[in-house]
Amino acid sequence: PSSSAFDSLELPADAPATAGPAPLAGALPEVLADALGRLEAGARFEAPDAFDPLYGYTRQHPEDPRGYLVLARAFMARGYRSAAFSRYGYAFRLAPERAKRDPQVLTDLVDIAARASDPGVEGRVLRLLRQHYGPEALPAVEAAEEASTRRAVKTRLSRLQASLEASTPR
């Protein structure tokens, strides 16, 4: 196994009680460390066989959520949001707290919801955000809404924020 630039990743001191080491921190299997390194360097996984090593890892280690987390990031880099959402879903089913601690997951889920042209996808992302993040997702949604310049994206994010706020106990 080798390590990646995520070795030094730490969560902020005010992170929620479920905080612990980020799931991709520390030593990772070589195939995952290699893929993360490529992602950090800006790789978009454009070659026809670019995903093969990650598919192979998840087939050989279906119980390891890290494989699905890295595969989801690779799909996001390529713009395959639906496939990324599916892999994040696997990671949450296997190890919800570990998946939640990956700082990229929330950002990606908000992005998937913001760019979803299918209301069904938007609804599935909302359910996952409610179940695993609740009001903790609001700052990420608000930041994405402020950063966006596209009206349709802002509308989806505003709707997502309202839905999250409505489901938050007062």
Side-chain angles (χ1 to χ4, degrees), residues 1-12 15-16 18-118 121-122 124-129 131-133 136-137 139-141 143-145 147-148 153 156-157 160:
S2 62
S3 60
S4 76
F6 285 83
D7 288 343
S8 62
L9 186 62
E10 293 182 24
L11 293 174
T18 59
L24 299 178
L28 290 173
E30 187 174 350
V31 67
L32 300 182
D34 177 61
L36 274 176
R38 291 174 52 212
L39 287 164
E40 290 171 350
R44 291 192 28 94
F45 285 75
E46 293 176 349
D49 60 350
F51 299 106
D52 289 354
L54 295 172
Y55 282 134
Y57 184 85
T58 58
R59 277 193 300 274
Q60 291 175 354
H61 306 280
E63 75 295 338
D64 187 350
R66 299 174 303 171
Y68 297 106
L69 292 171
V70 175
L71 186 54
R73 288 185 184 196
F75 282 139
M76 287 297 291
R78 188 68 180 109
Y80 298 160
R81 288 176 182 81
S82 179
F85 178 69
S86 174
R87 285 2 179 250
Y88 280 140
Y90 288 134
F92 273 102
R93 282 191 290 281
L94 288 169
E97 293 305 319
R98 287 183 77 183
K100 182 178 175 181
R101 287 193 311 263
D102 182 338
Q104 188 63 44
V105 173
L106 178 57
T107 301
D108 286 351
L109 290 175
V110 169
D111 183 63
I112 292 165
R115 298 175 190 283
S117 56
D118 176 356
V121 170
E122 191 177 343
R124 288 191 300 275
V125 173
L126 174 60
R127 283 191 298 278
L128 195 131
L129 288 172
Q131 180 180 358
H132 296 288
Y133 293 93
E136 294 173 42
V141 174
E145 187 177 3
S148 178
V153 169
R156 285 187 203 100
L157 289 168
L160 181 62

J.: How close do Pro65 and Ala95 get, counting heavy atoms only, and between which atoms?
T.: CG-CB, 3.8 Å
J.: Kindly say whether Ala116 contributes a backbone atom to a donor-acceptor pair with the side chain of Arg81 at under 3.5 angstrom?
T.: no
J.: How many angstroms lie between CG in Leu28 and OH in Tyr57, if you round to the nearest 0.5 Å?
T.: 8.0 Å
J.: Minimum heavy-atom separation for Leu32 to Gly67, with atom names?
T.: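 Smallest interatomic distance, heavy atoms only, reads CD2-CA, 3.8 Å.
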J.: Closer than 3.5 angstrom, by distance alone: can the side chain of Arg44 be matched with the main-chain N or O of Ala77 as a donor-acceptor pair?
T.: yes
J.: Test side chain to side chain contact (heavy atoms under 4.5 Å, CB included) on Gln104 and Tyr88; report intermediate values, then the result.
T.: CA-CA 11 Å; Gln104 188 63 44; Tyr88 280 140; 4.3 Å; yes
J.: Please round to the nearest 0.5 Å and tell me the distance separating atom CZ of Arg87 and atom CG of Asp108.
T.: 14.0 Å
J.: Take the angle between the ring planes of Phe51 and Phe45 and call it parallel below 30°, perpendicular above 60°, tilted in between.
T.: parallel
J.: I want to check something: taking the side chain as every heavy atom from C-beta on, are Leu24 and Arg66 in contact at a cut-off of under 4.5 Å?
T.: yes
J.: So which heavy atom on Val70 is nearest to which on Leu39, and how close?
T.: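 Shortest heavy-atom separation between Val70 and Leu39 comes out as O-CD1, 4.2 Å.
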J.: Does the side chain of Pro23 reach to within under 4.5 Å of the side chain of Leu69, using non-hydrogen atoms?
T.: yes
J.: With side chain to side chain contact (heavy atoms under 4.5 Å, CB included) as the test, would you mind laying out the steps for Arg38 and Glu40 before giving the verdict?
T.: CA-CA 5 Å; Arg38 291 174 52 212; Glu40 290 171 350; over 6 Å; no
J.: Quick one: are Val110 and Val125 in side-chain contact, heavy atoms under 4.5 Å?
T.: no
J.: At their closest point, which heavy atom of Ala113 faces which heavy atom of Leu160, and how far apart are they?
T.: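 Nearest heavy atoms, Ala113 then Leu160: CB-CD2, 3.9 Å.
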J.: From Arg156 CZ over to Ile112 CD1, what is the distance, rounded to the nearest 0.5 angstrom?
T.: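 It is 13.0 Å, given to the nearest 0.5 Å.
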J.: How about Arg73 and Asp102: do any of their side-chain heavy atoms sit closer than 4.5 Å?
T.: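 Yes, their side chains come closer than 4.5 Å.
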J.: With rounding to the nearest 0.5 angstrom, report the OG1 to OH distance, Thr58 to Tyr90.
T.: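 Between atom OG1 of Thr58 and atom OH of Tyr90 there are 9.0 Å.
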J.: How long is the gap from CG on Asp64 to CG on Leu94, to the nearest 0.5 Å?
T.: 8.5 Å
J.: Phe92 pairs by side-chain contact (heavy atoms from CB on, under 4.5 Å) with which of Gln131, His132, Glu97?
T.: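 That would be His132; it is the only one of Gln131, His132, Glu97 passing the side-chain contact (heavy atoms from CB on, under 4.5 Å) with Phe92.
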J.: Mind listing the closest non-hydrogen atom pair of Val153 and Ser148 along with its distance?
T.: CG1-OG, 3.3 Å
J.: Could you report the tightest heavy-atom contact between Tyr133 and Ala99, atom names first, then the distance?
T.: OH-O, 4.2 Å
J.: Looking at CG of Leu157 and CG of Asp111, how far apart are the two atoms once the value is rounded to the nearest 0.5 Å?
T.: 8.5 Å
